[in-house]
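To start, the structure under review is shown below, and the notes come after it.
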Amino acid sequence: MKLNAQKYADAFMADLIARNPRENEFHQAVKEVLESVAPYIVEHPYLIDLKVLERIAEPERVIIFRVPWLNDEGEVQVNRGYRVQMNSAIGPYKGGLRFHPSVNLSIMKFLAFEQTFKNSLTTLPMGAGKGGSDFNPKGKSDNEVMRFCQSFMTELSKHIGQDTDVPAGDIGVGGREIGYMFGQYKRLRNEFTGTLTGKGLNWGGSPLRPEATGYGTCYFAEAMLATREDSFQGKTVAISGSGNVAQYAARKALQLGAKVVTMSDSNGYIYDPDGIDEDKLKYVMDLKNIYRGRIREYAEKYPSAQYFERQRPWGVKCDIAMPCATQNELDGNDAAKLLANGCICVAEGANMPSTPEAITLFQKAKILYSPGKASNAGGVATSGLEMTQNSIRLKWTPEEVDRHLHRIMADIHEACRKYGTEEDGYVNYVKGANIAAFIKVADAMMAQGLV
Ligand code: NDP
Ligand code: 2IT
């Protein structure tokens with residue numbers, strides 16, 4: 001970075017940290033964007049005068065609320081609910097809800113900030129938001145999850161709407177939780193609208209929404225590989241996570257001719273050198289989605305596999321790595337191991353899974369590396385397509401949705417290349433994604449005056 005861009009960035013970060021103390025994940029997300037856009041901003045000084053990035057980093061509104069509910073023993077439980085309404089420059093607030101004990105304001109703000117850039121990249125008219133709760137759905141009965149969701153939505157319903165803010169799923173929030181929340185929203189409002197996405201197929205959901213994040217991540221990786229005349233065919237793929245994103249990333253990687261050898265959860269990972277084929281993947285889906293079991297059970301069922309407790313899959317030899325679990329799940333040591341083992345491509349399905357040290361190593365080695373805000377945008381993009389279908393009161397075919405998803409991922413890839421290609425031809429997808437997304441949001445904000 002040139003000196004005055006560096007000076008601008010340093011002063012910006014010092015101010016942001018002072019105003020938002022201890023919000024480490026939020027600081028990390030802002031710093032990454034800042035490093036990409038600071039040179040552009042200092043070349044366009046009106047952006048400094050108008051404090052455009054300061055405004056983007058300040059949520060339009062943060063709602064924090066009490067969520068009281070009764071467990072199956074009749075005991076009172078209290079959780080904390082959040083909705084960060086980050087930016088509405090290009091459309092209604094849009095983004096998922098996360099239910100996980102680690103949820104706090106920093107995590108909500110980092111996710112909402114990332115969402116601003118991701119949604120801008122999708123080419124669709126969606127602003128950005130994120131929400132959730134420190135509620136832990138693990139080990140809870142369906143009835144407990146329902147009571148929690150109903151209480152959560154009783155408050156959240158006052159702040160959302162199909163033209164205001166449209167939540168969806170994220171960690172710990174899948175079809176079951178969206179169903180309970182939608183039911184309560186409809187009951188409170190007495191209207192059937194597309195206020196939540198990720199709905200069931202028979203009640204307003206879009207074909208391919210469950211698949212979209214994982215499929216889209218593979219489509220993006222395919223586009224990156226194509227720039228080097230390469231493909232998934234015959235490649236070995238390491239995936240982390242075994243939830244929504246990981247499951248469908250695995251399925252698409254298989255369909256594209258790759259061998260998937262790992263999946264994980266927060267307790268450990270399984271390594272299956274024979275490959276997780278369609279049948280084994282179906283077992284993982286039932287295990288996680290219906291029985292809510294642990295990935296360890298895979299190794300008990302399939303003797304070809306080994307389970308590694310409290311370890312991450314990045315030490316396994318692979319060509320392509322797809323982190324699909326959570327933030328900061330792949331650090332500098334993991335990146336060094338992947339590179340030493342010959343990994344050529346890292347496509348993020350999760351939000352901010354690689355630490356800054358890991359990203360630096362990938363980029364120094366000039367391997368293909370895409371940040372989540374670019375490669376996992378297929379999920380929210382398909383949520384945008386669900387909103388469209390709800391508005392026109394029609395349901396598209398899976399083929400139609402897949403065509404849109406393909407086009408959107410190709411467009412995001414192209415935007416990254418346009419703004420991220422460096423002098424030697426290497427595509428810095430972080431820089432490309434951040435600058436392309438920033439320009440669109442910044443232009444919209446300036447056109448709409450000081451709001
Ligand atoms: P799920 O809840 O379906 O699955 C999450 C997976 O990640 C589980 O296997 C879970 O294991 C694992 N995991 C969660 N927290 C941790 C942790 N602290 N350490 C290790 N593993 C962990 O969530 P999704 O698949 O929907 O989300 C995964 C990632 O993708 C998140 O970063 C999310 O923000 C991102 N994302 C999701 C989109 C979507 O459409 N759902 C869209 C774009 C991004 P365990 O069962 O042990 O908790
Ligand atoms: O991080 C994300 O993009 C999501 N969790 C999906 C958001 C959405 O509105 O579909």
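Remember, predicted model here, so these are calculated numbers, not experimental data. Each ligand, and each atom within it, is numbered from 1 in the order the structure gives.
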From atom 20 (C) of ligand 1, work out which of Gly379, Ser266, Gly378 has a heavy atom at the shortest distance.
Ser266
Please compare Arg209, Glu386, Met126 and report which has the shortest non-hydrogen distance to atom 6 (C) of ligand 2.
Arg209
Do His27 and Phe110 have ring centroids that are under 6.0 Å from one another?
no
Indicate, with yes or no, if the rings of Tyr271 and Tyr307 have centres closer together than 6.0 Å.
no
Pick one of side chain, backbone, both or neither for how Asn351 approaches ligand 2, counting any non-hydrogen atom pair under 4.0 Å.
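It is the side chain that touches ligand 2; the backbone stays farther off.
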So, regarding [X] and ligand 1 (criterion: nitrogen or oxygen to nitrogen or oxygen, under 3.5 Å), is there a contact or not?
{"X": "Ser242", "answer": "yes"}
{"X": "Arg98", "answer": "yes"}
{"X": "Lys118", "answer": "no"}

Within the structure, does [X] bring an N/O atom to less than 3.5 angstrom of an N/O atom in ligand 2?
{"X": "Gly169", "result": "yes"}
{"X": "Asn376", "result": "no"}
{"X": "Thr197", "result": "no"}

Which ligand 2 atoms are under 4.0 Å away from a heavy-atom of Lys118?
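Within the 4.0 Å cut-off of Lys118, ligand 2 contributes 1 (O), 2 (C), 3 (O).
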Can you sort out which atoms of ligand 2 are near Lys130, meaning under 4.0 Å from one of its heavy atoms?
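Taking each heavy atom of Lys130 in turn, ligand 2 has 1 (O), 2 (C), 4 (C), 5 (N) under 4.0 Å.
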Enumerate the residue pairs fulfilling side-chain hydrogen bond (donor to acceptor under 3.5 Å, both in side chains) with a member in residues 174-183, sequence neighbours excluded, ordered by first and then second residue.
Asp142-Arg176
For [atom], closest protein heavy-atom neighbour:
{"atom": "atom 4 (O) of ligand 1", "answer": "Gly243 CA, 3.3 Å"}
{"atom": "atom 9 (O) of ligand 2", "answer": "Lys94 NZ, 2.6 Å"}
{"atom": "atom 37 (C) of ligand 1", "answer": "Val245 CG2, 3.5 Å"}
{"atom": "atom 2 (O) of ligand 1", "answer": "Gly172 N, 2.9 Å"}
{"atom": "atom 7 (C) of ligand 2", "answer": "Gly96 N, 3.5 Å"}
{"atom": "atom 12 (C) of ligand 1", "answer": "Ala325 CB, 3.8 Å"}

Report yes or no: does a heavy atom of Gly384 sit under 4.0 Å from some atom of ligand 2?
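Checking ligand 2 against Gly384, which is what was asked, there is no heavy-atom contact under 4.0 Å.
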Looking at ligand 2, is there an atom of it that comes within less than 4.0 Å of some heavy atom belonging to Gln115?
yes
Set out, in order, the CA-CA distance, both residues' side-chain angles and the distance that settles salt bridge (charged side-chain N to carboxylate O under 4.0 Å, His left out) for Glu414 and Lys418, then state yes or no.
CA-CA 6 Å; Glu414 201 37 53; Lys418 180 171 172 192; over 6 Å; no
Indicate the ring-plane relationship of Phe99 and Phe135, choosing parallel, tilted or perpendicular according to the 30° and 60° boundaries.
perpendicular
Check: Ser157 side chain, Thr154 main-chain N or O, donor-acceptor pair, under 3.5 Å
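Confirmed, Ser157 side chain pairs with Thr154 backbone.
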Would the number of heavy atoms belonging to other residues, nucleotides or ligands and lying under 6.0 Å from CZ of Arg187 be above 12?
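Not more than 12 within 6.0 Å, no.
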Looking just at side-chain N and O atoms, do Asn71 and Lys140 make a donor-acceptor pair shorter than 3.5 Å?
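Absent: no donor and acceptor within the cut-off.
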